[in-house]
Amino acid sequence: MFEMITAWDRDVLLWIQENLRADVLNLPVIFITSLGNAGLIWIVSALVMLGPRKTRRAGFLSLCSLLVGFLITNLILKNAVARIRPYDAWPAIELLIRPESDYSFPSGHATSSFAAAVIYYRYLPKPFGMAACVLAALIALSRLYVGVHYPTDVICGVLIGIGAACLIIRLKERYIRDGAFPYIFL
């Protein structure tokens, strides 16, 4: 079964490389993938949201969701699974960015993107939440295009990010009522 998944992962990446890559797309996709580096765009946007009272809840909960996603993905699963990057496993995979220094599974870019985007979708006006979800999807898919992740890395990263956000939403709704401590955020 694992060999079938690995073969499917490899075949999808080769198909993307052979059928979707185009010189005109390379720079925009590299830019999009760089937006997710270290979750920086999501961390910065959440910190900015801590200022205005109307967006504090989204900013604070997003930071919490990002932390949960980081703990699960980067501190636990990447080291436990220790899956090597596709460009190291398959020489036919052409890398469009610098090699990554950590393991492949799951995608931290996908995790952080969806951990924040789901919170934004839930707690911000829908146009902003939808834009965050579109950006999250573009960042996640860009990881396949540039050749640094397998499709299953990205799928699992998306699911972990969504799960982290749902956990934070659930904890907030169950244990912290509006106006309760820390009232300045919630």
Side-chain angles (χ1 to χ4, degrees), residues 1-45 62 65-121 131-167:
M1 171 95 168
F2 184 71
E3 290 90 24
M4 282 180 26
I5 292 170
T6 302
W8 178 80
D9 272 339
R10 181 202 61 228
D11 292 346
V12 169
L13 286 178
L14 288 172
W15 185 87
I16 290 169
Q17 184 174 292
E18 294 166 6
N19 296 291
L20 297 182
R21 279 192 184 169
D23 290 339
V24 70
L25 292 177
N26 289 351
L27 283 178
V29 174
I30 290 168
F31 173 74
I32 289 168
T33 211
S34 72
L35 291 175
N37 290 351
L40 197 58
I41 192 166
W42 306 110
I43 294 167
V44 169
S45 65
S62 177
S65 182
L66 286 163
L67 178 61
V68 169
F70 172 78
L71 293 172
I72 293 169
T73 299
N74 293 75
L75 294 185
I76 298 171
L77 289 177
K78 278 189 183 274
N79 296 313
V81 175
R83 187 179 198 187
I84 62 170
R85 297 279 177 171
Y87 52 84
D88 288 328
W90 308 101
I93 304 295
E94 296 173 16
L95 189 59
L96 292 183
I97 61 173
R98 289 189 325 237
E100 301 284 336
S101 61
D102 59 353
Y103 293 113
S104 186
F105 181 88
S107 168
H109 280 64
T111 299
S112 64
S113 295
F114 278 87
V118 169
I119 296 291
Y120 294 168
Y121 184 79
C133 289
V134 168
L135 180 59
L138 289 173
I139 290 172
L141 292 172
S142 75
R143 305 306 283 167
L144 302 174
Y145 186 93
V146 299
V148 293
H149 278 293
Y150 296 100
T152 50
D153 299 344
V154 171
I155 291 167
C156 290
V158 167
L159 294 174
I160 293 165
I162 292 170
C166 289
L167 173 67

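The analysis underlying the following values was restricted to heavy atoms, covering all of them including side chains, and did not include hydrogens, waters or symmetry mates.
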Shortest non-hydrogen separation from Pro151 to Val12 and the atoms involved: CG-CG1, 3.5 Å
Residues, nucleotides or ligands: over 12 heavy atoms within 6.0 Å of Tyr121 OH: no
Where Phe105 and Thr152 come nearest, the two heavy atoms and their spacing: CE1-O, 3.9 Å
Listed partners of Ser142 passing side chain to side chain donor-acceptor pair (under 3.5 Å), at least two apart: Thr33
Residue pairs, two or more places apart or on separate chains, that pass side chain to side chain donor-acceptor pair (under 3.5 Å) and touch residues 13-32: Asn26-Tyr145
Sequence-distant partners of Ala132, side chain to side chain contact (heavy atoms under 4.5 Å, CB included), two or more places apart: Trp42, Ala117, Tyr120
Review item, side-chain donor-acceptor pairs of residues 153-164, under 3.5 Å, at least two apart:
| from | atom 1 | to | atom 2 | distance (Å) |
| --- | --- | --- | --- | --- |
| Asp153 | OD1 | Arg83 | NH1 | 2.8 |
| Asp153 | OD2 | Ser104 | OG | 2.2 |
| Asp153 | OD2 | His149 | ND1 | 3.3 |
| Asp153 | OD2 | Tyr150 | N | 3.0 |

Listed partners of Leu40 passing side chain to side chain contact (heavy atoms under 4.5 Å, CB included), at least two apart: Val44
Nearest-0.5 Å distance, CG of residue Leu35 to OG of residue Ser113: 9.0 Å
Spacing of CD1 belonging to Ile139 relative to OG belonging to Ser34, to within rounding of 0.5 Å: 8.5 Å
Arg85: partners by salt bridge (Lys or Arg N to Asp or Glu O under 4.0 Å), with sequence neighbours left out: Asp102
Side chain to side chain contact (heavy atoms under 4.5 Å, CB included) partners of Pro99, counting only residues at least two apart: Tyr87, Leu95
Side-chain heavy-atom pair Ile41, Leu135 within 4.5 angstrom cut-off: yes
For the student: nearest non-hydrogen atoms of Ala165 and Ala115, plus distance: CB-O, 3.5 Å
Non-neighbouring partners of Glu94 that pass salt bridge (Lys or Arg N to Asp or Glu O under 4.0 Å), sequence neighbours left out: none
Residue pair Trp90, Thr6: steps toward the side-chain contact (heavy atoms from CB on, under 4.5 Å) verdict: CA-CA 11 Å; Trp90 308 101; Thr6 302; 3.9 Å; yes
Pairwise salt bridge (charged side-chain N to carboxylate O under 4.0 Å, His left out) hits with a residue in residues 133-148, at least two apart: Glu100-Arg143
Donor-acceptor contacts, no H, no angles, side chain residues 66-77, under 3.5 Å, sequence neighbours left out:
| from | atom 1 | to | atom 2 | distance (Å) |
| --- | --- | --- | --- | --- |
| Thr73 | OG1 | Gly69 | O | 3.1 |
| Thr73 | OG1 | Thr111 | OG1 | 3.1 |

Salt bridge (charged side-chain N to carboxylate O under 4.0 Å, His left out) partners of residues 26-37, not counting sequence neighbours, each pair once: none
Euclidean distance, Ile32 CD1 relative to Leu27 CG, rounded to 0.5 Å: 11.0 Å
Qualifying residues under side chain to side chain contact (heavy atoms under 4.5 Å, CB included), relative to Asp11, sequence neighbours excluded: none
Any donor-acceptor N/O pair, His109 side chain to Gly39 backbone, under 3.5 Å: no
